[in-house]
*Asks:* 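Quick one: the structure is below, and I'll ask about it shortly.
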Amino acid sequence: MDIQVVDTPRGRPRGDAVVLVAAQGESLRTRAGSCGRAFREGYMTLERAKGFAGEAGQVRTLTLGGSERIGSVILVGLGKADIITHESLRHAASAGVRAARELGARQVSLVPPEGKGAMFRADRLAEALVEGTVIGLYRFETYKKKAAEDGVDLLNVLVSPAEAKAARRGAKEGRVLGEAVCFARQLGNEPGNTATPTFLAEEALRIAQEEGLEYRVLEEDEMRELGMGSLLGVAQGSVEPAKLIMLTYEPKLRGKKKPETVAIVGKGLTFDTGGISIKPGNKMEDMKFDMCGGAAVLGAMKAVAGLKVGVRVVALVPASENMPDGASYKPGDILRAMNGTTIEIRNTDAEGRLILADALAYATSKLRPKPKAIVDLATLTGACVVALGDGNGALVSNTDSLADELLAASGTSGDALWRMPISDNYRAQLESPYADVSNLGSPGAGTLTAAAFLEKFTGNVPWAHLDIAGMAWTQKRTGLFSVGATGFGVRVIARWLQSRG
Ligand code: BES
Ligand code: ZN
Ligand code: ZN
């Protein structure tokens with residue numbers, strides 16, 4: 001889809017449909033008038049009949065006669081002007097443009113709302129509306145014999161000439177973020193028989209080439225040399241070779257200032273059967289989404305390059321399958337991670353923390369310069385879905401300043417996070433009589449014992465962990481998202497990195 005900011009004076013819409021986003025109580029009459037005579041009349045009728053009041057989520061369609069410049073006008077409500085947020089703008093744009101697509105429109109004009117206050121700045125409006133549109137229009141149809149025939153080819157964002165510059169900047173950001181999210185969703189939705197560790201590495205290479213990133217992948221023999229027994233232990237029951245995928249983004253900074261380095265790590269478990277501690281069959285197919293942390297990290301790298309953030313970012317995605325097999329690791333086995341820590345396996349289904357352990361140890365001990373912060377994202381625990389459902393991702397961190405930065409970035413990003421504690425109570429639950437640590441805590445607070453496990457591999461680097469198990473995919477269409485992977489994490493990470501430089 002092409003996206004253009006058009007600065008002809010407002011009210012010169014083009015295309016098959018116009019989506020007009022309006023707050024409650026906003027007078028549409030003035031600026032809507034020139035959408036066409038029929039529209040004006042139609043709007044008056046709607047207004048008289050109280051058919052459209054600008055309530056949040058309200059969508060009203062007006063189909064015009066053939067003599068008009070545009071086929072249909074779609075009014076989308078935002079709710080009260082004083083409580084408009086990035087998220088309500090995203091929702092409105094997504095609902096409006098999706099309605100236009102359903103009507104068969106290929107070229108759509110989007111008219112931002114008018115009002116006073118910080119949310120009505122042209123850059124913020126364009127950013128949120130474009131991001132919402134891009135995310136809202138995505139659908140996964142790679143494996144359908146017949147792809148949908150409808151589709152929006154061109155989005156015009158209509159602004160006044162005075163707003164054009166800011167709106168273009170905002171639209172560009174919205175597009176970068178939206179497309180990075182959809183990239184992560186596409187990876188997440190790919191089935192396990194396509195999205196293998198090798199496939200993820202190929203996709204990472206593709207991003208590296210497109211965005212000018214440095215690409216490196218550690219193969220199993222190199223992992224063996226480095227002593228990554230934890231990641232290799234998980235992978236040994238699978239015929240798919242494990243990979244440790246790495247991408248580096250170097251900012252181009254003016255002057256001599258050296259940028260700081262930060263690392264992001266994503267769980268790339270391309271299918272989680274549970275291994276020998278096998279999962280029940282019901283909904284096991286959803287475990288193709290167990291690489292969504294890795295997908296979010298790769299999506300975030302696309303966003304980081306598109307936004308040209310000012311920090312050096314190293315992305316690491318440990319990728320493996322978790323399969324039952326004669327060669328699989330077993331409960332009772334003891335694995336040795338790269339940092340020398342021995343791990344007693346008490347459940348082979350707690351594998352995410354094992355593949356992350358070696359990636360975290362690598363990031364904190366081998367990267368030069370040493371990262372100033374490290375954030376990992378993982379569909380790590382079912383317990384997180386119990387605790388927070390699909391309303392928030394869990395944030396666990398041993399560094400308050402880093403947690404605060406992430407919460408601040410989360411606020412407007414669309415990726416909601418809720419902080420949960422880490423303390424000695426949870427750390428103590430990982431004691432093992434046979435090894436340095438067990439991969440399983442006591443029953444209860446599974447998200448926090450999992451986090452406490454990861455912490456043991458982060459050295460002294462400020463670290464935060466995002467458990468995205470409840471957020472990474474959706475079973476039903478919700479808000480912006482169609483069924484399947486959501487790309488959760490891409491935006492909060494991109495915004496956080498933007499905030500650091
Ligand atoms: N990938 C799962 C976690 C998961 C479950 C994510 C459901 C999303 C939805 C993870 O590898 C796992 O199986 N965790 C176990 C840990 C347990 C054995 C300590 C779990 O949550 O049951
Ligand atoms: Zn598992
Ligand atoms: Zn898993």
Side-chain angles (χ1 to χ4, degrees), residues 188-189 192 195 197 200 230-231 233-238 240 242 265-296 317-325 328-333 335 343-359 376-394 396 420 426 429-430 432 437-454 465-475 484-486 488-489:
N189 287 331
L200 288 186
S230 189
L231 171 45
V234 174
Q236 74 192 34
S238 168
E240 292 293 338
V265 180
K267 172 178 173 182
L269 208 290
T270 58
F271 195 80
D272 185 10
T273 63
I276 296 302
S277 314
I278 198 162
K279 287 181 182 293
N282 186 37
K283 284 281 169 199
M284 199 205 269
E285 67 273 21
D286 281 355
M287 283 298 115
K288 73 171 184 174
F289 293 117
D290 212 16
M291 35 58 74
C292 283
V317 179
S320 170
E321 276 185 341
N322 186 21
M323 299 293 280
D325 180 80
S328 291
Y329 78 136
K330 307 172 291 298
D333 284 3
L335 307 180
I343 306 163
E344 184 204 351
I345 303 306
R346 287 182 43 214
N347 190 317
T348 63
D349 197 10
E351 85 300 334
R353 61 198 76 183
L354 299 172
I355 67 168
L356 288 167
D358 276 328
D376 75 77
L377 295 92
T379 48
L380 204 60
T381 61
C384 188
V385 191
V386 176
L388 295 171
D390 60 2
N392 281 273
V396 186
M420 305 236 267
Y426 307 110
Q429 294 183 32
L430 298 168
S432 158
V437 61
S438 150
N439 80 330
L440 203 64
S442 332
T447 303
L448 310 181
T449 48
F453 180 93
L454 296 178
H465 159 64
L466 309 186
D467 195 330
I468 62 169
M471 306 302 291
W473 72 96
T474 173
Q475 313 276 4
T486 60
F488 184 92

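In each ligand, atom 1 is the first atom listed, and ligand 1 is the first ligand listed.
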*Asks:* Which of the numbered atoms in ligand 1 are under 4.0 angstrom from any heavy atom belonging to Ala469?
*Replies:* 6 (C), 8 (C)
*Asks:* Around the Zn ion (ligand 3), how many protein N, O or S atoms are found at less than 2.8 Å?
*Replies:* 4
*Asks:* Of the protein's non-hydrogen atoms, which lies at the shortest distance from atom 8 (C) of ligand 1, and what is that distance?
*Replies:* Trp473 CH2, 3.4 Å
*Asks:* In the structure I gave you, are the side-chain heavy atoms of Val265 and Pro318 within less than 4.5 Å of one another anywhere?
*Replies:* yes
*Asks:* Has Ser230 got a side-chain atom pairing as donor or acceptor with Leu354's backbone, closer than 3.5 angstrom?
*Replies:*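 Pair found, side chain donor or acceptor close to backbone of Leu354.
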*Asks:* Do ligand 1 and Lys279 have nitrogen or oxygen atoms that lie under 3.5 Å from each other?
*Replies:* yes
*Asks:* Using heavy atoms and a threshold below 4.0 Å, how should the contact between Leu380 and ligand 1 be classified: side chain, backbone, both, or neither?
*Replies:* backbone
*Asks:* Going by the order shown, which atoms of ligand 1 are within less than 4.0 Å of some heavy atom of Arg353?
*Replies:*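 What qualifies from ligand 1 is 16 (C), 19 (C).
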*Asks:* Return the closest protein heavy atom for atom 2 (C) of ligand 1 as residue, atom name and distance.
*Replies:* Asp272 OD2, 3.5 Å
*Asks:* Around atom 7 (C) of ligand 1, find the nearest protein heavy atom and jot down its residue, atom name and distance.
*Replies:* Met287 CE, 3.6 Å
*Asks:* Which residues pass the ring-ring contact (aromatic ring centres under 6.0 Å, His included) test with Tyr426, not counting sequence neighbours?
*Replies:*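 Result, ring-ring contact (aromatic ring centres under 6.0 Å, His included) vs Tyr426: none returned.
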*Asks:* Salt bridge or not for Lys267 and Asp290, using N-O below 4.0 Å?
*Replies:*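 Salt bridge: yes.
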*Asks:* With a 4.0 Å heavy-atom cut-off (strictly under), which part of Lys267 contacts ligand 1: side chain, backbone, both or neither?
*Replies:* side chain
*Asks:* Could you say whether the N/O atoms of Thr381 and ligand 1 ever approach to under 3.5 Å?
*Replies:* no
*Asks:* Could you tell me the residue and atom name of the protein heavy atom closest to atom 17 (C) of ligand 1, and the distance to it rounded to 0.1 Å?
*Replies:* Leu440 CD1, 4.1 Å
*Asks:* Select one of side chain, backbone, both or neither to describe which atoms of Phe453 lie under 4.0 Å from any atom of ligand 1, heavy atoms only.
*Replies:* neither
*Asks:* Distance-only, no hydrogens or angles: does the Ser277 side chain make a donor-acceptor pair with backbone N or O of Thr348 under 3.5 Å?
*Replies:*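 Yes, the answer is positive, given that a donor and an acceptor are paired below the 3.5 Å cut-off.
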*Asks:* Short list, please: which atoms of ligand 1 are under 4.0 Å from a heavy atom of Glu351?
*Replies:*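 What qualifies from ligand 1 is 11 (O).
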*Asks:* Can you confirm whether Asp286 sits close enough to Gln475 that some side-chain heavy atom of one is under 4.5 Å from a side-chain heavy atom of the other?
*Replies:* yes
*Asks:* What protein heavy atom is closest to atom 15 (C) of ligand 1, reported as residue, atom name and distance in Å?
*Replies:*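 Going by distance alone, atom 15 (C) of ligand 1 is nearest to Asp349 O, 4.0 Å.
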*Asks:* Say whether, by atom type as modelled, one donor and one acceptor occur between the side chain of Asn189 and the main chain of Ala485 under 3.5 angstrom.
*Replies:* yes
*Asks:* Is there side-chain contact between Met291 and Leu200, with at least one heavy-atom pair below 4.5 Å?
*Replies:*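 The answer is yes, as the side chains (C-beta and beyond) meet within the 4.5 Å cut-off.
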*Asks:* So does Asn347 get a backbone contact from the side chain of Asn439, meaning a donor-acceptor N/O pair under 3.5 Å?
*Replies:* yes
*Asks:* Using a strict cut-off of 4.0 Å, indicate which atoms of ligand 1 neighbour a heavy atom of Thr379.
*Replies:* 1 (N), 2 (C), 3 (C), 6 (C)
*Asks:* Closest non-hydrogen protein atom to atom 21 (O) of ligand 1, residue and atom name please, with distance?
*Replies:* Gly382 N, 2.7 Å
*Asks:* Within the side chain of Tyr329, is there an N or O that forms a donor-acceptor pair under 3.5 Å with the backbone of Gln236?
*Replies:*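 No, the answer is negative, given that no donor and acceptor are paired below the 3.5 Å cut-off.
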*Asks:* Using a 4.0 Å cutoff against the non-hydrogen atoms of Asn347, which atoms of ligand 1 qualify?
*Replies:*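 Every atom of ligand 1 under 4.0 Å from some heavy atom of Asn347: 18 (C).
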*Asks:* What residue pairs, at least two apart or across chains, pass salt bridge (Lys or Arg N to Asp or Glu O under 4.0 Å) with a residue in residues 440-454?
*Replies:* none
*Asks:* Output all residues satisfying ring-ring contact (aromatic ring centres under 6.0 Å, His included) with Phe289, sequence neighbours left out; order by chain, then residue number.
*Replies:*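 Applying ring-ring contact (aromatic ring centres under 6.0 Å, His included) to Phe289 gives Trp473.
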*Asks:* At a non-hydrogen distance cut-off of under 4.0 Å, which region of Met471 contacts ligand 1 (side chain, backbone, both, or neither)?
*Replies:*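 For Met471, no heavy atom sits under 4.0 Å from ligand 1.
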*Asks:* Report yes or no: does Thr486 contribute a side-chain atom to a donor-acceptor pair with the main-chain N or O of Met471 at less than 3.5 Å?
*Replies:*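 Answer holds: yes.
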*Asks:* Quick one about Thr381 and Asp467 (side-chain donor to acceptor, distance below 3.5 Å, no hydrogens or angles considered), yes or no?
*Replies:* yes
